[in-house]
Amino acid sequence: MAVSRSPPSGGDARLPPAPNGRLVATVLSAYDCPSDLQPTSVSLTILGTTVSTGPPSARHRDRNSFKFADPPQSGGRDALLSGESNELVVSADLAALYPATAEFRVTYCDPAQPDLVAMTRLKKALRVNEQQWLILQLVDKSVAAEQGGKENVSGEANKDDSGEQAAAGDDVLQPTLRVKLLLSGPLRPEIRAMTNLSQNWFNTVDGLADAGGSTLSTVVTDLPEKIPAVKYLLVPAVPLAALSVALVPVAVGVLVIGLPFFLPFLAVFAAFAASVGAIGGVLYISTRPGREKLQPMLSSAYGTFLATQTGQRFIYNTGPRPTPKALAQTVLPKDMMAKLIVCLLIDFVGSSSYLLPGVGEAFDVAWAPTQTIMIAAMFDHVSPNLKYISFAEEILPFTDLIPSATLGWTKEFGPVILGESGKRVMDLTVALRGEREALRESMNDVKMA
């Protein structure tokens, strides 16, 4: 494990090389300290390693708040490691850093003022290769020992301590530490290889598009201008197009009459057309215009996925890879109506093998594991055995009619729907009973009158 400090820009060359991960903590300021004593330093302890800043460079005029020195912009590694920097760097394996808990300690040389401590767990507070600003709540080191390493990130005040202060009538502000954190590390090997392959593919497509663009322009624009006779090719093309349009109803009628005979051929043609469309779509989105149109949607989806801990584990080498079930849980919806739509689609795809009897059963061999993972991700918490039923009905012949996914949805949301319906019926019954009693009393009053 290597330990070092680094400047904010242009200083990585002066640092020891990181194994494959690095935590950079920039200490900005300590606010509302409990006494007017100046702290000697701020230290960071993680994975058994401790690094410290120098003393603060400035003090607030009216409050017990201290600003720490800006990182040195020059002076080489000697100046960097001299203790004047407010950047603390710990280099270690990303898989060890990501789940670790970092301890920040504001130290004092006077025994009358105990050190102040703040804890934060990196995988909850940070995302790999994204800079985060945190406000950490500082507590006395004895209180931190009693808390047993409980993290104190912005917004989590110590309620017992604040209650004692309120009872004593003290108007003491919660001391806080402002830090800027960056946890950096590499992509997983397969993600990096896929990224490089995609970049090479896009470069190839762009090169072919640039080379073929001039040729296409020549054929479409320059050639008709230089050879006007090319326009006369439209003369036989128009009647052929009209004849094709006229034959469309005839073709549709023949297909309807001979649908049982043509169904296998239509299925094969649909599969072929879908393959051609998929290949064409991939080619289009590989071009510059296609990437520009697709980028906003993909960027939003990628950012949402990367914001989850499963996404962090999938993209970066932060430890064990996420299971297929964990990935499915991240992507699949959790609300009632969205789950219902997904379940209906799952059952539709599972039973679509009946379009081609016999041949479609081969499709079930590939679809059965996928459906099982999706059902396990959505319904394991309410019906752990449903995934086995789903796999059996999908892999066995002539059992695809069982709607496993919809059964899971009914198991999860059926009691809720029935409970709400029963409650509404009961409320309606009570209301009608009250109306009936009121009407009876009115009729009695009329008779008495």
Side-chain angles (χ1 to χ4, degrees), residues 123-124 188 190-191 263 267 270-271 274 278 297-298 300-315 318-428:
K123 73 176 184 179
K124 290 185 177 181
R188 289 195 180 275
E190 60 272 21
I191 300 298
L263 184 59
M297 181 177 63
L298 290 183
S300 176
Y302 176 76
T304 303
F305 175 69
L306 197 60
T308 64
Q309 291 191 14
T310 301
Q312 292 282 299
R313 291 167 54 197
F314 181 77
I315 300 295
T318 58
R321 290 169 174 81
T323 61
K325 177 183 173 182
L327 289 173
Q329 286 175 331
T330 304
V331 176
L332 292 174
K334 296 177 177 58
D335 59 288
M336 182 174 66
M337 293 309 299
K339 263 191 174 181
L340 177 60
I341 295 173
V342 172
C343 290
L344 293 175
L345 289 175
I346 289 174
D347 291 332
F348 172 77
V349 174
S351 60
S352 62
S353 59
Y354 288 114
L355 290 174
L356 293 175
V359 179
E361 297 297 331
F363 168 76
D364 291 342
V365 177
W367 176 249
T370 304
Q371 175 175 305
T372 301
I373 292 172
M374 296 172 70
I375 289 181
M378 290 191 293
F379 303 117
D380 251 6
H381 62 288
V382 294
S383 182
N385 296 324
L386 182 61
K387 57 180 177 288
Y388 304 115
I389 300 175
S390 169
F391 184 81
E393 65 91 359
E394 195 63 32
I395 203 69
L396 294 176
F398 311 114
T399 56
D400 295 344
L401 287 177
I402 301 175
S404 303
T406 308
L407 290 176
W409 183 90
T410 305
K411 172 71 173 178
E412 180 177 4
F413 297 103
V416 177
I417 296 174
L418 292 177
E420 290 182 355
S421 301
K423 184 179 179 181
R424 291 184 180 182
V425 171
M426 187 176 297
D427 293 341
L428 181 60

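Heavy-atom basis, side chains included; hydrogens, waters and symmetry copies ignored.
- Listed by chain and number, the residues in a side-chain contact (heavy atoms from CB on, under 4.5 Å) with Phe348 amount to none (sequence neighbours excluded).
- Residues Phe379 and Cys343 approach most closely at CZ-SG, 3.4 Å, considering heavy atoms.
- When the ring pair (Phe, Tyr, Trp, His ring centres under 6.0 Å) test is applied to Phe413, the partners found at least two apart in sequence or on another chain are Trp409.
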Test side chain to side chain contact (heavy atoms under 4.5 Å, CB included) applied to Met374 and Ile346, step by step: CA-CA 9 Å; Met374 296 172 70; Ile346 289 174; 3.5 Å; yes
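- For the pair Gln329 (side chain) and Met378 (backbone), a donor-acceptor distance under 3.5 Å is absent.
- Closest heavy-atom contact between Ala368 and Ile395: CB-CD1, 4.0 Å.
- Sorted by first and then second residue, the salt bridge (Lys or Arg N to Asp or Glu O under 4.0 Å) pairs with a member in residues 328-348 read Lys339-Glu412; sequence neighbours excluded.
- Interatomic distance, OG of Ser383 versus CD1 of Ile389, reported as 6.5 Å (0.5 Å rounding).
- Evaluation of the salt bridge (Lys or Arg N to Asp or Glu O under 4.0 Å) rule for Arg188 yields no partner, not counting sequence neighbours.
- Taking both residues in full, the closest heavy atoms of Ile315 and Ile191 are given as O-CG1, 4.0 Å, listed atom of the first, atom of the second, then distance.
- In this structure, the side chains of Glu394 and Thr372 stay at 4.5 Å or more apart for every pair of heavy atoms.
- Annotation: side-chain contact (heavy atoms from CB on, under 4.5 Å) contacts of Ala326 (sequence neighbours excluded): Thr310, Pro322, Thr323.
- Not counting sequence neighbours, the partners of Ile341 by the side-chain contact (heavy atoms from CB on, under 4.5 Å) test are Leu345.
- Side-chain contact check for Phe391 versus Ile375: every heavy-atom pair is 4.5 Å or farther apart.
- Listed here is the closest heavy atom pair of Leu332 and Ala377: CD1-CB, 4.2 Å.
- With sequence neighbours left out, Glu393 forms a side-chain contact (heavy atoms from CB on, under 4.5 Å) with Gln371, Ser390, Thr399, Asp400, Ile402, Ser404.
- Judged by distance alone, the side chain of Thr308 and the main-chain N or O of Phe305 form a donor-acceptor pair under 3.5 Å.
- Applying the salt bridge (Lys or Arg N to Asp or Glu O under 4.0 Å) test to pairs two or more places apart or on separate chains, those with a residue in residues 367-392 are Lys325-Asp380, Asp380-Lys387.
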